[in-house]
Amino acid sequence: REMKLKLSLQKEPKHSELVSCVGWASPSELYSVGDDHQILRWDFQSDNTNQLVQLPKETYATDIHWIPTGNTAKKQLSPSDLFALACTDGKLLLVSRLGRVEKAVEAHKGAVLGVRWSWDGTALLTYGEDGAIKIWSKTGMLRTILVQTSSPIYSCC
């Protein structure tokens, strides 16, 4: 059996500045966030790319993570309808698939360097320049500070 790789190049770049993070929402749908403050939705089935939302000029994203699809403790989620966005201003944004910011949380002192949903989509983990790893509820309420160090934390999984 032969495997084929399909590459396609855009005639014009969609982002006008650096792309800081990307996240899969489904096998055929990708979202990208750039320093041009745009969140773009890439649909590989239709080959369409459109702007989901224009973020405020002071918002620079560092990470994006979609809530997991599949079985959760409370209900079946399919497809995912919420993603978390980590920002350099210390905020954690919970954003709907339609581009509406559902919640903005002052999460860290300094940049939020990353965000990850729990496997079942009931909690979030953030880590930042302030050396903290924090656990949040799905609605953005702080549950606990898991770790506090004097150095930034650059990765968690």
Carefully, step by step, assess V33 and L40 under the rule side-chain contact (heavy atoms from CB on, under 4.5 Å).
CA-CA 7 Å; V33 188; L40 299 181; over 6 Å; no
In Å and rounded to the nearest 0.5 Å, what is the [atom1] to [atom2] distance from [X] to [Y]?
{"X": "K109", "Y": "E106", "atom1": "NZ", "atom2": "CD", "value": "11.0 Å"}
{"X": "W42", "Y": "E29", "atom1": "CH2", "atom2": "CD", "value": "13.0 Å"}
{"X": "I135", "Y": "L142", "atom1": "CD1", "atom2": "CG", "value": "9.0 Å"}
{"X": "K91", "Y": "H108", "atom1": "NZ", "atom2": "NE2", "value": "14.5 Å"}
{"X": "I39", "Y": "L85", "atom1": "CD1", "atom2": "CG", "value": "5.5 Å"}
{"X": "Q38", "Y": "Q51", "atom1": "CD", "atom2": "CD", "value": "4.5 Å"}

For V115, side-chain contact (heavy atoms from CB on, under 4.5 Å) partners two or more places apart
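Partners of V115 by the side-chain contact (heavy atoms from CB on, under 4.5 Å) criterion, ordered by chain and then number, come out as D63, H65, A84, A86, L92, L124, T126.
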Closest approach of [X] to [Y] (non-hydrogen atoms, all atoms of both residues):
{"X": "C87", "Y": "T62", "value": "N-OG1, 4.0 Å"}
{"X": "G99", "Y": "V53", "value": "O-CG2, 3.6 Å"}
{"X": "A123", "Y": "R143", "value": "CB-NH1, 3.3 Å"}
{"X": "K103", "Y": "G140", "value": "CE-O, 4.4 Å"}
{"X": "S118", "Y": "P68", "value": "O-CG, 3.2 Å"}
{"X": "G34", "Y": "H15", "value": "N-CE1, 3.5 Å"}

Determine whether W117 and L82 satisfy the following criterion, side-chain contact (heavy atoms from CB on, under 4.5 Å), listing intermediate values before the conclusion.
CA-CA 11 Å; W117 286 98; L82 189 68; 3.9 Å; yes
Decide whether T59 and H37 meet the rule of one side-chain donor and one side-chain acceptor closer than 3.5 Å.
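No, because no side-chain N or O of T59 sits under 3.5 Å from a partner of the opposite role on H37.
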Is a donor from one side chain sitting under 3.5 angstrom from an acceptor on the other, for S151 and T149?
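Looking only at side-chain atoms, T149 and S151 do not form any donor-acceptor pair under 3.5 Å.
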If you define the side chain from C-beta out and look only at heavy atoms, does anything of [X] sit under 4.5 Å from [Y]?
{"X": "L125", "Y": "I133", "value": "yes"}
{"X": "Y60", "Y": "S20", "value": "no"}
{"X": "K134", "Y": "Y127", "value": "no"}

W66 and L93: same hydrophobic cluster, using ILVMFWY side-chain contacts below 4.5 Å?
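The answer is yes; both residues are in one hydrophobic cluster.
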Identify whether V105 and L146 are in the same connected component of the hydrophobic contact network (ILVMFWY, side-chain heavy atoms under 4.5 Å).
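No, separate clusters.
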Show, in sequence, the C-alpha distance, side-chain angles and deciding distance for I67 and F83, and conclude whether the side-chain contact (heavy atoms from CB on, under 4.5 Å) test is met.
CA-CA 6 Å; I67 191 168; F83 63 90; over 6 Å; no
Please report whether the ring centroid of Y31 lies less than 6.0 Å from that of W24.
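Between Y31 and W24, which both carry aromatic rings, the centre distance is not below 6.0 Å.
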Got a donor-acceptor contact below 3.5 angstrom from the E129 side chain to the P152 backbone?
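Answer holds: no.
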Can you tell whether the side chains of E102 and K138 come within less than 4.0 Å, N to carboxylate O?
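No.
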More than 12 heavy atoms of other residues, nucleotides or ligands under 6.0 Å from CD of E58: is that the case?
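Correct, the count exceeds 12.
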Taking salt bridge (Lys or Arg N to Asp or Glu O under 4.0 Å) as the test, write out the residues that go with D43, two or more places apart.
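Here the qualifying residues are R41.
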